[in-house]
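Just so it is clear, the model here is predicted, and its values are computed rather than measured.
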Amino acid sequence: MAPQYFSAVWDYFILLGTERAKCLLCEKCYSRKGRSTTSLKNHLRSMHNNQYKEMINSKNESEEKLKTTIPLEVKNSNVKQITKSRFEGAKVSEVNPNSLDYRICEMLIVDDLPVSHVQNLGFLRLMAKTTPLYRVKSCQFYSNVIYHVIYKSVAKEILKIVYSIKECKVSFTVDSWFNRTVGVSLLILTCHAINNEFERTNLVLSVETLQGENLNCEYISEKFDAMIMKWGLRNDDVHCVMRVAGADDAALCISGAHNIDYNLHTLQSIVLSGLASQKGLSAIISKCRTIANHFTNLTAAEDLKKIQDSMQLPQLEVIQDEPTSWRSTLYMLQRMHSLKETLHLYAAKAEISLLNNTEWKVFLDCVNLLKPFDEIKDRMSETTSSISHVIPFTTSLNKSLQCIDDGLVVNEKNDSEEGVRSMKEKLQTELADRLAILESSEMYTIATLLDPKYKLDYFSSQRVKDHVQLTIARLHDEVTEAAEEQSLKRKRDEFSQNNSTGTGSSFEFSATDHLEVLLSTNSDEDDEALDKRKSITNIENYLNEERLDENSDSLSWWKEKQKEYPMLSRLARQYLACPSNSVSSEQLNYPKVFYDEKKNRRKLDEVEKLLFLKCNLPIIKFKYK
């Protein structure tokens, strides 16, 4: 009898050991003693008749395809002979078909490959060479494993993590994506928390399709509530929601939650506002774009390379910027400055208008103004970046601009040079306004204070410092009170349970028992005042601790100090969890996932599951079985 995995029924079942198999459609398990597939076929015929008909119609299809596509050297060989010669004495785990099934499915998910990839000649030759014991199954089988087995298993693992982190409030980032060609909007919900080991946890909880392009606040809020409820979370469990600040800000505003904007978008808006503030400066940048566009011509680019070779200089190409991205403009200007000498030699032989000396001076001043923003953008894009960094980074940017030399005008006034000065003033004004908004938000100020690298050192005034200390003292009292109430409730439940185990009514307490319960409720005003003094003392002791250097890990510090500052460390887990930016949606290849190998539109629920798995499989390190 042929090995069991050559039967078409295995497109709908997966082995569990040697005598059991699980249906991929309904997840029921069936015995297959004697290694027969009769019971499995009967299950398909009675419970999944459509799939049974598909199996009958395509019974010999995969065998015929293997005959025409498997390499000649494998086709003309006996499988048993290959097994004996190459795998004699091999361990079972090395040729475990179930394990390879999952690995192939994982490859298809994370590499954005169509399921039909498993029937490509190159893949079949690779599998025949490396694992000849393994039989590549049909596309239907791998689809069933992805959408029915792996998705459910990964979702269960994510649910376990969610339940383990929700003892502290969690933060969320909300991203949206819309493509007119595909005609579908997506809403991506990512959860951010710090677990009890003080490790960052970022989970993509939901990727859902939305109806229409124009989304209002009410619709998005309803979607948000439904998505978190699916994972056993309530609005009370939400610390804050970071939303992407797009053209329609209200579309991503979640009602009933603390909404904060995507900080990198805000930073981009500040820089673009500064660049557009002066026409003279804009004219120089426009001139640089014209120069860059000239070298898109292959002949011009080759001539520039020849000049570089003759001067024994490294071969650098002129960079063309994207007008909506200030960072690409900065890179274009920096590259243009590196090619200054080469460009002048090229211009002596070609008709091209270069910058004059004054414009080169203004050009360099513009680059110096943008460099600090480029550095801060890199820092805020790090995976460990928290909203606790935003106020210090904004303050540092403003100080960096103040340190840049004001001597932009040399001997005579020039509109372009005045433009750079005005640009600097515009950037400083925008940053000051942004800092005022940040310092009015408890989400940012408390996170900054609870970061042992910053504490109170980056706030702009004593008034802000005093206010944030009062706020953290109030929160400390609230957390302490909540912890005491939880402890008291646990004691009362234990007390009630212990008394109910004896004979008679559970309500027959003695006077001594009642006195013990009453004494455990610290409701005296003196005790409340004592607790407040303890809160203030804890905060003062924390602030007097030596501040960490910039390269130290704040979460490791809190892990070491959690016994010394139990309530403050709990607040740190809550307030330091929110990132300063959102990157989950940038990792997804949206247009590609909407279409299958035949360029047909996938079902929307399949798209959601694929994106969910692509994001979360690496997070859980592929451990879900």
Is the shortest side-chain heavy-atom distance between [X] and [Y] below 4.5 Å?
| X | Y | value |
| --- | --- | --- |
| R379 | S580 | no |
| L397 | L427 | no |
| Y542 | P452 | yes |
| T394 | Y444 | no |
| R327 | E322 | no |
| R234 | I228 | no |
| L370 | L275 | yes |
| L333 | C366 | yes |

Tell me the closest heavy-atom pair linking [X] and [Y], and the distance in Å.
| X | Y | value |
| --- | --- | --- |
| L354 | A347 | CD1-CB, 3.5 Å |
| W231 | S206 | NE1-OG, 3.6 Å |
| N581 | S381 | ND2-CA, 4.0 Å |
| N398 | A432 | ND2-N, 3.9 Å |
| Q268 | S325 | NE2-CA, 4.0 Å |
| L316 | Q308 | O-NE2, 3.0 Å |

Presence of salt bridge, [Y] and [X], under 4.0 angstrom:
| X | Y | value |
| --- | --- | --- |
| R474 | E478 | yes |
| D365 | K361 | yes |
| E545 | K455 | no |
| E430 | K426 | yes |

Return yes if some donor-acceptor pair links the side-chain N/O of [X] with the main-chain N/O of [Y] below 3.5 Å, else return no.
| X | Y | answer |
| --- | --- | --- |
| S441 | I437 | no |
| K424 | L401 | yes |
| R200 | I194 | no |
| N293 | R289 | no |
| S310 | I307 | yes |
| N616 | I619 | no |
| S400 | P372 | no |
| K614 | V110 | yes |
| S286 | A283 | no |

Rounded to the nearest 0.5 Å, what separation is found between the [atom1] atom of [X] and the [atom2] atom of [Y]?
| X | Y | atom1 | atom2 | value |
| --- | --- | --- | --- | --- |
| F198 | E560 | CZ | CD | 11.0 Å |
| I539 | H476 | CD1 | NE2 | 6.0 Å |
| D261 | L267 | CG | CG | 13.0 Å |
| L345 | D303 | CG | CG | 12.5 Å |
| I319 | C288 | CD1 | SG | 12.0 Å |
| L475 | R570 | CG | CZ | 12.5 Å |

_Trace of the side chain to side chain donor-acceptor pair (under 3.5 Å) decision for Q462 with D466_ = CA-CA 6 Å; Q462 187 61 43; D466 293 340; 2.8 Å; yes
*How are the rings of F393 and H389 set to each other: parallel, tilted or perpendicular (split at 30° and 60°)?*
tilted
*Just say parallel, tilted or perpendicular for the rings of H337 and W360, cut-offs at 30° and 60°.*
perpendicular
*Where do L189 and V174 land on the side chain to side chain contact (heavy atoms under 4.5 Å, CB included) test, with the steps shown first?*
CA-CA 5 Å; L189 180 69; V174 178; 3.9 Å; yes
*Check against side chain to side chain contact (heavy atoms under 4.5 Å, CB included), T290 and H294*: CA-CA 6 Å; T290 302; H294 173 81; over 6 Å; no
*For M332 and M336, what are the C-alpha separation, side-chain angles and deciding distance, and is it a side chain to side chain contact (heavy atoms under 4.5 Å, CB included)?*
CA-CA 6 Å; M332 177 187 70; M336 204 79 70; 4.1 Å; yes
*asked:* Show, in sequence, the C-alpha distance, side-chain angles and deciding distance for L543 and Q469, and conclude whether the side chain to side chain contact (heavy atoms under 4.5 Å, CB included) test is met.
replied: CA-CA 10 Å; L543 293 175; Q469 288 183 82; 3.4 Å; yes
*Could you go through the side chain to side chain donor-acceptor pair (under 3.5 Å) check for T296 and Q320 one step at a time?*
CA-CA 9 Å; T296 57; Q320 180 77 56; over 6 Å; no
Would you say that more than 12 heavy atoms from the other residues, nucleotides or ligands in this model lie under 6.0 Å from the [atom1] of [X], or not?
| X | atom1 | result |
| --- | --- | --- |
| K340 | NZ | yes |
| E382 | CD | yes |
| N356 | CG | yes |

*Go through the steps to decide whether D451 and S554 satisfy the test side chain to side chain donor-acceptor pair (under 3.5 Å), and finish with yes or no.*
CA-CA 6 Å; D451 194 322; S554 299; 2.6 Å; yes
*Identify the residue among E199, E564, E197 that makes a salt bridge (Lys or Arg N to Asp or Glu O under 4.0 Å) with K559.*
E197
*Are F459 and H467 close enough that their ring centers fall under 6.0 Å?*
no
*asked:* So that I know where these two stand, are W558 and Y575 an aromatic pair - ring centroids less than 6.0 Å apart?
replied: no
_Single hit among R573, Q574, H192 for side-chain hydrogen bond (donor to acceptor under 3.5 Å, both in side chains) with H239_ = Q574
*Is there a side chain to side chain donor-acceptor pair (under 3.5 Å) between Y331 and D374 once you walk through the steps?*
CA-CA 10 Å; Y331 296 157; D374 185 49; 3.2 Å; yes
